[in-house]
Number of protein chains: 2
Amino acid sequence: MTLFASLAEPSRREILNILIEGETTVNTLVDRMPLSQPSVSKHLKVLREANLVTQRIDGQRRWYALNNQPLQELDQWLAPFRQQWSRRLDALGQHLDQTSMTKPSQGQKGETP
Amino acid sequence: MTLFASLAEPSRREILNILIEGETTVNTLVDRMPLSQPSVSKHLKVLREANLVTQRIDGQRRWYALNNQPLQELDQWLAPFRQQWSRRLDALGQHLDQTSMTKPSQGQKGETP
DNA sequence: CCCATATATTCCTTTACAGGTATATACTGA
DNA sequence: TCAGTATATACCTGTAAAGGAATATATGGG
């Protein structure tokens, strides 16, 4: 499953949000979610395969932790769109400049009194 | 459909990527994608409902354009995770400081020979 | 070795969705 | 008004995935 598809499932995003607080075990997650243990385990498997979490084995417990790398990829995927909206802000800025009541005489930018 | 679910579909992400270049019509998209016209229209409907695109009607053409707002929400969703990985970088920095070969006497950072 | 605990896997059912074909709707120009 | 173009919708089919119950696997304690 792709990164996006893994994140499409609300329960999986919830798991990631819980993991922000730190490493936890499967049962801890089960206690905090309205899902059966097998369901949680299956979601964790998906997250593992998407590399969104790592698993550390400690006796009969499995400690799960966030892995940020794929989220950084998501961050990068957003980059071209971010350019879009910053360009829009620029345009807005220009527009405001053009329509502003201040004399546009000299200063181009950042000329706050 | 949620924002994430809308983005989970590769063809829809492709459409968004095409729209970065600017407003286009449905047929233009169809020409650039390996999908039938009805399929593209259905994806556009999903994207519209997720508010990821806007539609401008011009005679028999419908011009579709990106709407950044939901992507900015995605950006915000990432925020807490970003804190995670920046914290990690901090930790790495500290670790490097502690294990560095330079006398830890005075200079704290940026003391490259 | 036996039982309890922690987690994973299998199996089954239901649902959602993507894709196509066919068709409807709306606009345009002659 | 009619033919043609642009887009949307309806309908059908195949597939994937989510959820639970039951079961398997592995570990720890006595």
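- Atom pair B:K42:NZ and D:dA10:C1' shows a separation of 9 Å (rounding to whole Å applied).
- Two different hydrophobic clusters hold A:V46 and A:L29 under the rule that ILVMFWY side chains link at heavy-atom gaps under 4.5 Å.
- One interatomic measurement links the two molecules: CD of A:E9 to P of C:dC17, which rounds to 12 Å at whole-angstrom precision.
- Heavy-atom distances to DNA chain D give each of A:S39 and B:S39 a nearest nucleotide, and the one nearer the 5′ end belongs to B:S39.
- When the C1' atom of C:dA26 is taken as reference, atom CZ of B:R62 falls 7 Å away, rounded to whole Å.
- Taking atom CE of residue B:M1 and atom P of nucleotide C:dA16, one finds them 11 Å apart after rounding to whole Å.
- Between A:W63 atom CH2 and C:dT7 atom C1' the separation is 14 Å, expressed in whole Å.
- Considering only heavy atoms from C-beta on, A:L7 comes within 4.5 Å of A:L3 through its side chain.
- With salt bridges taken as basic N to acidic carboxylate O contacts below 4.0 Å, one links A:R32 and A:E21.
- Side-chain atoms of A:P38 lie closest to C:dA8 of the nucleotides C:dA8, C:dA22, D:dG28.
- Computed from coordinates, the B:K45 NZ to C:dA24 C1' distance equals 14 Å when rounded to whole Å.
- Annotation: proximity of residues 13-36 of chain B to DNA chain C (heavy atom, distance under 4.0 Å) is found for B:L35, B:S36, numbered in ascending order.
- An OP1 or OP2 oxygen of D:dA17 is reached within less than 4.0 angstrom by no side-chain nitrogen or oxygen of A:H43.
- A donor-acceptor contact under 3.5 angstrom links the side-chain atoms of B:Q37 to the base of D:dA8.
- B:N17 places a side-chain heavy atom less than 4.5 Å from the side chain of A:F81.
- Residues A:T24 and A:L19 are in side-chain contact: their nearest non-hydrogen atoms beyond the backbone lie under 4.5 Å apart.
- Proximity of B:Y64 to B:I15: side-chain heavy atoms (C-beta onward) are nowhere separated by under 4.5 Å.
- Distances shown here put a side-chain N or O of B:Y64 below 4.0 Å from the OP1 or OP2 atom of D:dA8.
- In terms of position on DNA chain C, the residue among A:L44 and A:Q60 whose nearest nucleotide sits closer to the 5' end is A:Q60.
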For a side chain to side chain donor-acceptor pair (under 3.5 Å) check, start with the C-alpha distance between B:Q69 and B:E73, then their side-chain angles and the critical distance, and finish with the verdict. CA-CA 6 Å; B:Q69 188 221 315; B:E73 285 169 23; 2.6 Å; yes
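- In this structure, A:L47 atom CG and C:dA8 atom P are separated by 12 Å, rounded to whole Å.
- In this structure, CZ of B:R61 is placed 10 Å from P of C:dG29, rounded to the nearest angstrom.
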